[in-house]
There are 2 protein chains.
Amino acid sequence: MALPRTPGSSPVPAPGDLLAHPRPSLAIDVAVLTVVPEGPDGAPALAVLLLRRDAAPKAGAWGLPGSFVRERERLAGAVLRTLADKCGISGLAPRQLHVFDDPGRDDRGWVVSVAHVDVVPVERLEPALAARDDLALAPIAPRGTNGAGATSPVDVPGRQTSLPFDHDEIVALAVDDLRERYRAAPDPGGLVREPFTFLALRRTHDAVIGEPQQKDTFRRQMLPLLVEDGEIARGGVGRPARLYRRAADGPRVG
Amino acid sequence: MALPRTPGSSPVPAPGDLLAHPRPSLAIDVAVLTVVPEGPDGAPALAVLLLRRDAAPKAGAWGLPGSFVRERERLAGAVLRTLADKCGISGLAPRQLHVFDDPGRDDRGWVVSVAHVDVVPVERLEPALAARDDLALAPIAPRGTNGAGATSPVDVPGRQTSLPFDHDEIVALAVDDLRERYRAAPDPGGLVREPFTFLALRRTHDAVIGEPQQKDTFRRQMLPLLVEDGEIARGGVGRPARLYRRAADGPRVG
DNA sequence: GAAATAGTGTCTTTAAGACAATATCAG
DNA sequence: CTGATATTGTCTTAAAGACACTATTTC
């Protein structure tokens, strides 16, 4: 077998020898989205998890968690490992969004990154957020309404006006993906603990989609995708609401 | 700088040295879809371009065109190069579908492949198809209607019942993606030469989507996305139809 | 009973599906 | 004029939006 060559030596592969190909570094980035109970306007709102970079390029800047994929590791596994190792968070079910392949996107070399989105209830982020100062939840800017000439879909903390690399684009893709899924099904990201009332479900959808959903239309759309459970009584002030769970054919269980 | 290591030597990266990471081979696969004038039932129908493999694994079997990404090459560029080099075809605008990252998907080693879809008018495939016998257009099986116990969405030529690797899955994703886009906009793949009549447009949509579109509903949906052109007279037998082009805000121009 | 929230009824508006009438050409 | 296709009108049906009414609890 031929010896492994340095990447970029010979563009012509020796047949049968995979290692002869120049190979890129493979990375993942992940936009962890959640709903915070108090957004900028007091109502629940979408937010994204940011991490202060300590590594080489753009050290000190806020960006999305990401890392290189290890040998024979699955992409989803790399995302979950990154969240666990770098953020102390147990993620759930990463979804692929897009591959960013611009050869000039990283000064360090040829890095191809697969962008992901994951959705996590805010309770699972709070311990890590409270314990560390290099983690932050940044609110999603409500569509083009962004301070000054910032082009980021995120209200980045501090003086920073945008996210490094393609992270602004990744957040935009992640938000679009999540909104599309929340228009079609009840809480596909598992943000609401089961069983839940229709009010809790609708408040979450309002926050994700960014605008209030019609009470009755929303009920009629989502009802066929839910199964009833029991009753809630204590706690609320008005008439007790029925409790529901996502129908079995629905997506992942939180 | 540290010497490049063989992939798989050290899973712990030396900080600052990108080359120290084990790196996968990066590949692309592409499902080239088109509409052939005479499908299995005589009507125009969707088909996918297959290539007979000559390389190492599954040599002789029909599969999708694909190849390894070269150094600093864009993914879309690798797709277009593959179509040009291996199929003698000039592709148009590849779209990413999904990253296949199962470490066991290729016996030769750690290969991560980005699946793509591209849409090409059949006229641009015909010269290559006529000149070579390792290229074929396979009809898309109309939803689950597949000979015997075949699980492939493709009617693969010969005795083959499915495509190698994840190619069956790629074709299914490609067809779903194309159908979704054709439900929303007039001929986003540029299959019909401009200017076109409503009949030509609808026949193409019928073929892509796999079932006939309502004549009047289709017209009402697509009309706002088109701009008028002139008139057609010669050729047809009935009343001449107006000619249209895709509206400027539409997608790529063929 | 008053306040608050849950759940349902129904009217209006909009869009799709279906069918058919009218328009305009070649022969 | 006949046959063929294009284009438009309209009726029916289904769904969404909007509004309001009734129901059931806590205080």
Side-chain angles (χ1 to χ4, degrees), chain A residues 35 37-38 42-44 179-187 192-247, chain B residues 37 42-44 179-187 192-247:
Chain A
V35 168
E38 297 252 329
R179 287 188 171 148
E180 199 168 319
R181 293 197 297 138
Y182 268 72
R183 283 184 209 279
D187 191 28
V192 190
R193 186 168 25 222
E194 291 183 311
F196 46 75
T197 78
F198 250 106
L199 184 60
L201 181 67
R202 184 158 53 88
R203 290 244 188 288
T204 298
H205 277 245
D206 288 353
V208 169
I209 295 175
E211 52 195 24
Q213 303 299 104
Q214 202 91 10
K215 180 171 77 161
D216 35 17
T217 302
F218 179 75
R219 177 185 219 91
R220 278 189 273 254
Q221 285 177 337
M222 295 303 169
L223 197 51
L225 304 173
L226 297 171
V227 292
E228 233 176 296
D229 191 83
E231 285 260 340
I232 193 180
R234 323 308 133 203
V237 51
R239 167 176 172 177
R242 295 181 208 169
L243 291 175
Y244 296 87
R245 297 172 183 278
R246 293 180 279 275
Chain B
R179 287 187 171 149
E180 199 168 318
R181 294 196 297 138
Y182 268 72
R183 283 184 209 279
D187 191 27
V192 191
R193 190 176 13 229
E194 292 184 310
F196 46 76
T197 79
F198 249 106
L199 183 59
L201 182 65
R202 184 159 52 89
R203 290 244 189 287
T204 298
H205 278 245
D206 288 352
V208 169
I209 295 175
E211 51 195 25
Q213 304 298 105
Q214 202 91 9
K215 182 169 74 161
D216 34 18
T217 302
F218 179 76
R219 178 185 219 92
R220 277 189 276 254
Q221 285 177 338
M222 295 303 169
L223 197 51
L225 304 172
L226 297 172
V227 292
E228 234 176 294
D229 192 83
E231 283 261 339
I232 194 181
R234 323 306 134 202
V237 51
R239 169 176 170 178
R242 296 182 208 167
L243 291 176
Y244 295 87
R245 296 172 185 278
R246 292 180 279 276

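In what follows, every chain begins at residue 1, and chains take the letters A, B, ... in the order their sequences are listed.
- Contact of B:K215 with D:dT7 (side chain to base): a donor-acceptor pair of N or O atoms is detected under 3.5 Å.
- Nucleotide D:dT7 holds its C1' atom 11 Å from the CD atom of B:E228, rounded to whole Å.
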*Verify side-chain contact (heavy atoms from CB on, under 4.5 Å) between B:Y182 and B:D187, making sure each step is shown before the conclusion.*
CA-CA 6 Å; B:Y182 268 72; B:D187 191 27; 2.4 Å; yes
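- A donor-acceptor pair under 3.5 Å links the side-chain atoms of A:E194 to the main chain of A:R246, judged by distance alone.
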*Using the side-chain contact (heavy atoms from CB on, under 4.5 Å) rule, take A:L226 and A:F196 through it: C-alpha gap first, then chi angles, then the decisive distance, then the call.*
CA-CA 10 Å; A:L226 297 171; A:F196 46 75; 3.8 Å; yes
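- Following rounding to the nearest Å, B:R202 (CZ) and D:dT7 (C1') show an atom-to-atom distance of 12 Å.
- In this structure, CD on B:Q221 lies 10.0 Å from NE2 on B:H205, to the nearest 0.5 angstrom.
- Rounded to whole Å, atom C1' of D:dA16 lies 16 Å from atom CG of A:L223.
- Sequence order on DNA chain C of the closest nucleotides to A:R220 and A:Y244 puts A:Y244 first from the 5' end.
- Note: CG (A:D229) to C1' (C:dA6) measures 17 Å, nearest angstrom.
- Side-chain nitrogen and oxygen atoms of A:R219 include at least one within less than 4.0 Å of the OP1 or OP2 phosphate oxygen of C:dG7.
- Where A:V237 and B:T197 meet DNA chain D, the nucleotide closest to each residue was compared, and B:T197 sits on the side nearer the 5' end.
- A straight line from CE of A:M222 to P of C:dG7 spans 16 Å, rounded to a whole angstrom.
- We find that CG of A:L243 is positioned 14 Å from P of D:dT25, with the value rounded to whole Å.
- Here the side chain of A:A241 is nearest to one of D:dT24, C:dG7, D:dA16, namely C:dG7.
- Within a 6.0 Å sphere centred on CZ of B:R202, other residues, nucleotides and ligands contribute more than 12 heavy atoms.
- Nucleic acid contact class of B:R242 (heavy atoms, under 4.0 Å, all strands): sugar-phosphate only.
- Across the protein-nucleic acid pair, A:I232 atom CD1 and C:dT5 atom P stand 13 Å apart, rounded to whole Å.
- Of all nucleotides listed (D:dT8, C:dA16, D:dA18), D:dA18 comes nearest to the side chain of A:Q214.
- In this structure, CD of A:Q213 is placed 12 Å from P of D:dA18, rounded to the nearest angstrom.
- For B:R239 against D:dA4, no side-chain N or O and base N or O form a donor-acceptor pair under 3.5 Å.
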